> 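Provided herewith is a single structure, encoded as structure tokens, for subsequent inquiry.
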Amino acid sequence: MNRKIMAASLAVLSLSGGAFCVEASDMPVYTLDGIVVTASRVPEKKIDSNADVSVVTAKEIEEKHYDDVSEAVRHVPGVIISNSSGNGQNYNSNKLYINGSDKVVLLIDGVRMNTNGLTTGSAVTLAQHVNMGSIERIEVLKGAASTLYGSDAQGGVINIITKSPQEGKVNTSLTISGASYKGAKYSLYNEGNIDGYFWSIEAQKELQGDYKDAHDHKVINDLDAKSYQFKFGKNLGDDSSVALYYSKYKSDYQRPDQPYMHVGAGDKTVDYGKKDNDSINLQYKSKINEHLTNHFTIYRNRTEFQDNYKSLYSSWLMRMKSSGMTDQLTWKNENHTVTGGVDYYKDELPEFYSYGSRDAAEGKHISDTAFYIQDVWNIDNHWNLTPGIRYDHNSRFGGHTTPALTVGYKQDDKTNYYLGYKEFFVAPDLYQLYDFGAGNKDLNPQEGGTWQFGINKIFDDTLSGTFNVYHTHAKNMIVYASDAYKYTNSGSVDTDGAGLQLTKQIGNHWAAAIGYTYTHVEGNESTKSNLNGFLPKHTLDIGVSYRNSKFDANMTGRAVFGREAGKNYQGEVPSRYKNYNVWDASFNYKPVPYAKVFFKINNIFNEYYCDVGTFSSSAYGETHDWYSMPGRNYQVGVTFQF
């Protein structure tokens, strides 16, 4: 394994020398060029943002042919995704972590997509956002972001920003591809902007079959998924607009009945599942005067999940709904940018059927009303101060205040330092509170704070990078107690982490990037057992890209070291569960202006690994794997553009 990592690393290092001639918008996720909005909820240069932000661009999505948002962000340093299936669309137990926390807020165009009753959080929604053609960029904000995005944003925020079609243009693309294990995908995307009316429409059908891992074990993974999405709006002049957004995802899937067999997901018994989700929102943006703007949104997200529905006593049916509104005012002058507003959402579980009977959580709901304000104060040409505060009133847990304060020092146009402290407050979800088996009505909210220090640096025209360190203290940790088979509060946990990312532009055609992430969690045994198999201590991300007028190639790799893993009855942990590295590559050739042929190979070295790691169980007396991932596999396709 180490030889593979060394060989790939040498390949990166061998690409040194030459002058740079690649547009900033085409570069990997670590560059400091361009504009971001997620850090402060207003547009700003990335180097000036007092936060650790990575951006996955539309160009990168197009060239690397990411199948869904979870695949796009899993290569971002600091992000860990643990799928309980080959791609995360099968079943509902996927996990998403940013800076060691699974408390993450997911947004589309700034609109909240989280559903409080959903048992596994944001990762499920990520994997099911498969309409990639409409995405302009994905901004990943790492670190607590409680003031602006909700006090439950302990780990960070993922903001999917959709495209804004250019005035006077209409574009259409059609993609057809086939893949290993009976995989196929058909995607159609259309966008336009005529006489002030703008729109984007996307439809996709995806098929998958059972796959084999690197040890030639067959894993049940059938999928038949359909998705639709549209955005329609009108420019009202003077930077004002109104837009309606709608998306729908529907799938039939198969999974192993017992995914934790000794040979990966080796169970041959099939469980059948269905998903039927949709989201709709209406956004109105207005420029009130030279200094003041308003952004008003109303939304509704609906999730329906049926798992193992052919079984009389082991089936699940969860119908969840989240609805809300947000109204934000932004006032800006030469030295201050003040952002304030109100957020309201209500989460409901209108129907919940599990293990042969109606669940106690059925019909339960929780609502939250919040008021927030933040001021980015530019004291002089170098120093800035950003105080903020949020007040949440939760219908179950009452009022809570989460303050935040960040100090920034901009040494010059190429160097920016920041130091900040932000608090968070995470209320238990509906499932954790009310499920008849695992629920616990006596749960208390999880709360705490995060210190973060970072540097954004442009060294020269070819090299830029970021560095950050953080410390998070959380108390009243909400964990699943396996001995009691229910959720409980389990003391406190301290998480320390660091990240370093560098981007190097090499010559007229080459670029390379490297990122290192360190994560260390300290807590009691109950707290640490809930992270078993999820969080690696060390993660190394490497990317290399080549581009010319007709051909481009990309190679990405992630190496994981020191991941915690459950021990077997002899106290041994096989090294393949703690350490692994996976490399992918994609190739695109454009023979004519309107067509592009592509080829993609995943897991080039046929590495045997599991996203989720291992766990120990006295019932089996040995270590067992969760869902071994696909071995080497391929995808080939063509995209037509009109």
Side-chain angles (χ1 to χ4, degrees), residues 5 8-9 12 27-34 36 38-39 46-47 49 51-57 60-61 64 66 69-82 95-102 104 122-123 126 137-145 154-159 418 450 452-459 463-472 495-504 511-521 534-545 554-563 579-584 611:
I5 299 173
S9 301
V12 176
M27 297 307 301
V29 298
Y30 320 132
T31 61
L32 293 172
D33 296 305
V36 295
T38 308
K46 188 178 176 184
I47 190 172
S49 63
D52 184 13
V53 183
S54 294
V55 179
V56 183
T57 65
E60 186 178 357
I61 292 170
K64 297 180 181 179
Y66 293 133
V69 174
S70 68
E71 184 180 359
V73 302
R74 73 158 52 233
H75 295 287
V76 174
V79 176
I80 297 295
I81 293 180
S82 296
K95 290 288 187 179
L96 164 68
Y97 294 86
I98 297 180
N99 282 6
S101 172
D102 63 348
V104 176
S122 304
L126 279 179
R137 65 187 185 274
I138 305 170
E139 296 185 1
V140 182
L141 172 63
K142 290 164 278 186
Q154 175 182 341
V157 176
I158 295 177
N159 192 7
Y418 59 89
T450 296
Q452 189 171 32
F453 169 77
I455 307 170
N456 300 327
K457 176 71 175 178
I458 298 176
F459 296 95
L463 180 65
S464 63
T466 66
F467 171 76
N468 74 90
V469 294
Y470 68 89
H471 171 78
T472 298
T495 305
D496 294 293
L500 173 67
Q501 294 100 45
L502 295 170
T503 299
K504 176 70 175 177
I514 187 168
Y516 168 75
T517 306
Y518 169 81
T519 308
H520 179 67
V521 179
F534 293 101
L535 296 178
K537 183 168 288 188
H538 310 279
T539 306
L540 182 67
D541 292 277
I542 297 176
V544 184
S545 64
N554 296 271
M555 184 174 180
T556 57
R558 167 165 284 195
V560 165
F561 305 95
R563 182 174 62 173
N579 312 315
Y580 67 84
N581 68 98
V582 179
W583 296 84
D584 305 323
D611 260 359

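Because the structure is predicted, anything quoted here is derived from the model rather than measured.
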> For the side chain of Asn579 and the backbone of Gly562, is there at least one donor-acceptor N/O pair under 3.5 Å apart?
yes
> May I ask you to test the Val73-Tyr66 pair for a side-chain heavy-atom distance under 4.5 Å?
no
> Might you point out which heavy atoms bring Val56 and Ala72 nearest each other, and give the distance in Å?
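Val56 and Ala72 have their closest heavy atoms at CG2-O, 3.8 Å.
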> For residues Lys142 and Gln501, report the shortest heavy-atom separation together with the two atoms involved.
NZ-OE1, 4.2 Å
> Asn554 and Lys64: which non-hydrogen atoms are nearest, and at how many Å?
OD1-CE, 3.8 Å
> Output the distance between atom OG (Ser545) and atom CE (Met555), rounded to the nearest 0.5 Å.
12.5 Å
> To the closest 0.5 Å, what do you measure between CG (Asp584) and CD (Glu71)?
7.0 Å
> Measure the OG-CG distance between Ser82 and Leu96 for me, rounded to the nearest 0.5 Å.
9.0 Å
> Give the intermediate values and the outcome of side-chain contact (heavy atoms from CB on, under 4.5 Å) for residues Asp52 and Tyr418.
CA-CA 10 Å; Asp52 184 13; Tyr418 59 89; 3.7 Å; yes
> Walk me through whether Leu540 and Ile514 qualify under side-chain contact (heavy atoms from CB on, under 4.5 Å).
CA-CA 7 Å; Leu540 182 67; Ile514 187 168; 3.9 Å; yes
> Is there a side-chain contact between Arg558 and Ile80 in this structure, where contact means two heavy atoms from C-beta onward sitting under 4.5 Å apart?
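Of all side-chain heavy-atom pairs linking Ile80 with Arg558, at least one is under 4.5 Å.
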> Quick check: do Thr519 and Thr495 have side-chain heavy atoms less than 4.5 Å from each other?
yes
> Between Ile138 and Val76, does the side-chain contact (heavy atoms from CB on, under 4.5 Å) criterion hold? Intermediate values first, please.
CA-CA 11 Å; Ile138 305 170; Val76 174; over 6 Å; no
> Quick one: CD1 on Ile81 to NE2 on His75, what's the gap to the nearest 0.5 Å?
9.5 Å
> Main chain of Asn99, side chain of Tyr470: is a donor-acceptor contact present, judged purely on distance under 3.5 Å?
yes
> How long is the span from the CD1 atom in Ile455 to the CZ atom in Phe467, to the nearest 0.5 Å?
6.5 Å
> Classify the angle between the aromatic ring planes of Tyr518 and His538 as parallel (below 30°), tilted (30 to 60°) or perpendicular (above 60°).
tilted
> So, taking the atom named CD1 in Ile61 and the one named CZ in Arg137, what distance separates them when rounded to the nearest 0.5 Å?
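If I round to the nearest 0.5 Å, the distance is 11.0 Å.
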> Any side-chain to backbone donor/acceptor pair from Asn456 onto Ser49? Under 3.5 Å, distance only.
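Judged by distance alone, yes, a pair lies under 3.5 Å.
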> Distance-only, no hydrogens or angles: does the Thr517 side chain make a donor-acceptor pair with backbone N or O of Gly78 under 3.5 Å?
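Pair found, side chain donor or acceptor close to backbone of Gly78.
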> If I compare all heavy atoms of Pro77 with all of Gly515, which pair ends up nearest, and what's the gap?
CG-CA, 4.1 Å
> Answer yes or no: is there a donor N or O on one side and an acceptor on the other, between the side chain of Lys46 and the main chain of Val53, under 3.5 Å?
yes
